[in-house]
Amino acid sequence: MSLHSPPSTAVPDLRERRRLELTRSIAITAVELFERNGFQATTIDDIAAAAGISRTTFFRHCATKEAAVLVDDAGLEAELLTAASNVSPQHPLRDLETAWEHMTVLFDEDHEGHNRFLRVRRLMRQHSALLAAGLERDARLTAHLVETLTEKPGLPVLDAHAVGESFALGMRLALDEWVRAVDDAPDNPPSLTEIYARVRGALRNAMTAGTP
């Protein structure tokens, strides 16, 4: 996905499609078991058995039971890193935000992934180990963004950290606010795209509040 164009329409080969299908199947199975039996009570063997795979196959796709539901089967991290490598040095944060805004539109159109993500975020609020794993994953993504911004557009290290951390904050706030808003209005839930626009506005207001 470029910053201002639709995402790539390249079709994955058969092996990759099967890998993605199995990854999604494991994720869906894990979410259902966590919701029904509790996160702590559910083991990797439970997930593997329910998904109809061996323990060895599970570990080929997921390092931990937390990772089983924190999968990026839509490839958003790769898209964000590509976007980071293509930002303009003059407006890197704006360009990253524009790229993520395009991705939120695709997210809102993916009803199956949309529903699973919502359920996972709710589980993260209930279980500290899963929340910690999610925050660790977010920190790794931010570090990769900073590294990319430093290498490709050639931003100074401090600028790259400021852009990467600011972008990650907005993305995380948008996801958390989206879950809260959906829970508050389940019959008329807002889109992630709408929420992200609100969050960007709120962050800009916060940054300018009190300035002359």
I need the minimum non-hydrogen distance between Ala168 and Thr142, along with the two atoms involved. CB-OG1, 3.2 Å

Rounded at 0.5 Å granularity, tell me how far CG in Leu106 sits from CG in Leu192. 11.0 Å

Test Leu76 against Trp100 for side-chain contact (heavy atoms from CB on, under 4.5 Å), laying out the working first. CA-CA 9 Å; Leu76 293 182; Trp100 177 241; 4.2 Å; yes

Of Leu96, Leu80, Thr104, Asp138, which meets side-chain contact (heavy atoms from CB on, under 4.5 Å) against Met171? Leu80

Indicate yes or no: at least one non-hydrogen side-chain atom of Val69 is less than 4.5 angstrom from one of Leu130. yes

Salt-bridge criterion met for Glu21 and Arg24 (N-O under 4.0 Å): no

Got Asn86 and Asp95 here, is their nearest side-chain heavy-atom distance under 4.5 Å? no

Side-chain contact, heavy-atom cut-off 4.5 Å: Trp178 with Val199? no

Can you confirm whether Gln126 sits close enough to Phe34 that some side-chain heavy atom of one is under 4.5 Å from a side-chain heavy atom of the other? no

Do Asp46 and Asn37 pass the side-chain contact (heavy atoms from CB on, under 4.5 Å) test, and can you show the C-alpha distance, the side-chain angles, and the key distance before you say yes or no? CA-CA 10 Å; Asp46 293 333; Asn37 302 331; 5.9 Å; no

Close side-chain approach of Asp176 to Arg180, heavy-atom, < 4.5 Å: no

Could you state the interatomic distance from CZ (Arg119) to CD (Glu35), rounded to the nearest 0.5 Å? 4.0 Å

Should the pair Glu97-Arg94 be classified as a salt bridge under the 4.0 Å nitrogen-to-oxygen rule? no

Are Val105 and Ile195 connected, step by step, through hydrophobic side chains (Ile, Leu, Val, Met, Phe, Trp, Tyr) whose heavy atoms are closer than 4.5 Å? no

Over 60° means perpendicular and under 30° means parallel, so tell me whether His127 and Phe39 are parallel, tilted or perpendicular. tilted

Are Leu169 and Val179 linked, directly or through intermediate hydrophobic residues, by side-chain heavy-atom contacts shorter than 4.5 Å (ILVMFWY only)? yes

Do you know which two heavy atoms are closest between Leu149 and Ala84, and how far apart they sit? CD2-O, 3.6 Å

So NZ of Lys65 and CD1 of Ile26: to nearest 0.5 Å the spacing works out to 15.5 Å

If you take all heavy atoms of Ala99 and Ala83, which pair is closest and at what distance? CB-CB, 3.6 Å

Residue that, paired with Asp73, satisfies salt bridge (charged side-chain N to carboxylate O under 4.0 Å, His left out) out of Arg116, Arg19, Arg17: Arg116

According to a 4.5 Å side-chain heavy-atom criterion applied to Ile, Leu, Val, Met, Phe, Trp and Tyr, with indirect links allowed, do Leu123 and Val71 form part of one hydrophobic cluster? no

Do NZ/NE/NH1/NH2 and the carboxylate oxygens of Glu177 and Arg198 come within less than 4.0 Å? no

Got a second to check how far Ile47's CD1 is from Phe58's CZ, nearest 0.5 Å? 4.5 Å

What's the spacing between Asp110 CG and Met103 CE if we round to 0.5 Å? 14.0 Å

Parallel under 30°, tilted from 30 to 60°, perpendicular over 60°: which one fits the rings of His114 and Phe107? tilted

Take Met124 and Leu70, measure what side-chain contact (heavy atoms from CB on, under 4.5 Å) needs, and give me the verdict at the end. CA-CA 10 Å; Met124 288 172 65; Leu70 296 173; 4.1 Å; yes

Applying the 4.5 Å side-chain criterion to the ILVMFWY set and letting contacts propagate, would Val163 and Val157 be lumped into a single cluster? no

Tell me whether Val182 is reachable from Leu173 by hopping between hydrophobic residues (I, L, V, M, F, W, Y) whose side-chain heavy atoms are closer than 4.5 Å. yes

Note: Glu101-Arg200 ion pair, threshold 4.0 Å (strictly below): yes

Taking the side chain as C-beta and beyond, is there a heavy-atom pair between Arg18 and Leu22 under 4.5 Å? no

Is any NZ, NE, NH1 or NH2 atom of the basic residue among Asp183 and Arg122 found under 4.0 Å from an Asp or Glu carboxylate oxygen of the other? yes

Any non-hydrogen side-chain atom of Leu175 less than 4.5 Å from a side-chain atom of Arg172? no

Give, for atom CD1 of Ile28 and atom CG of Leu33, the distance between the pair rounded to the nearest 0.5 Å. 12.0 Å

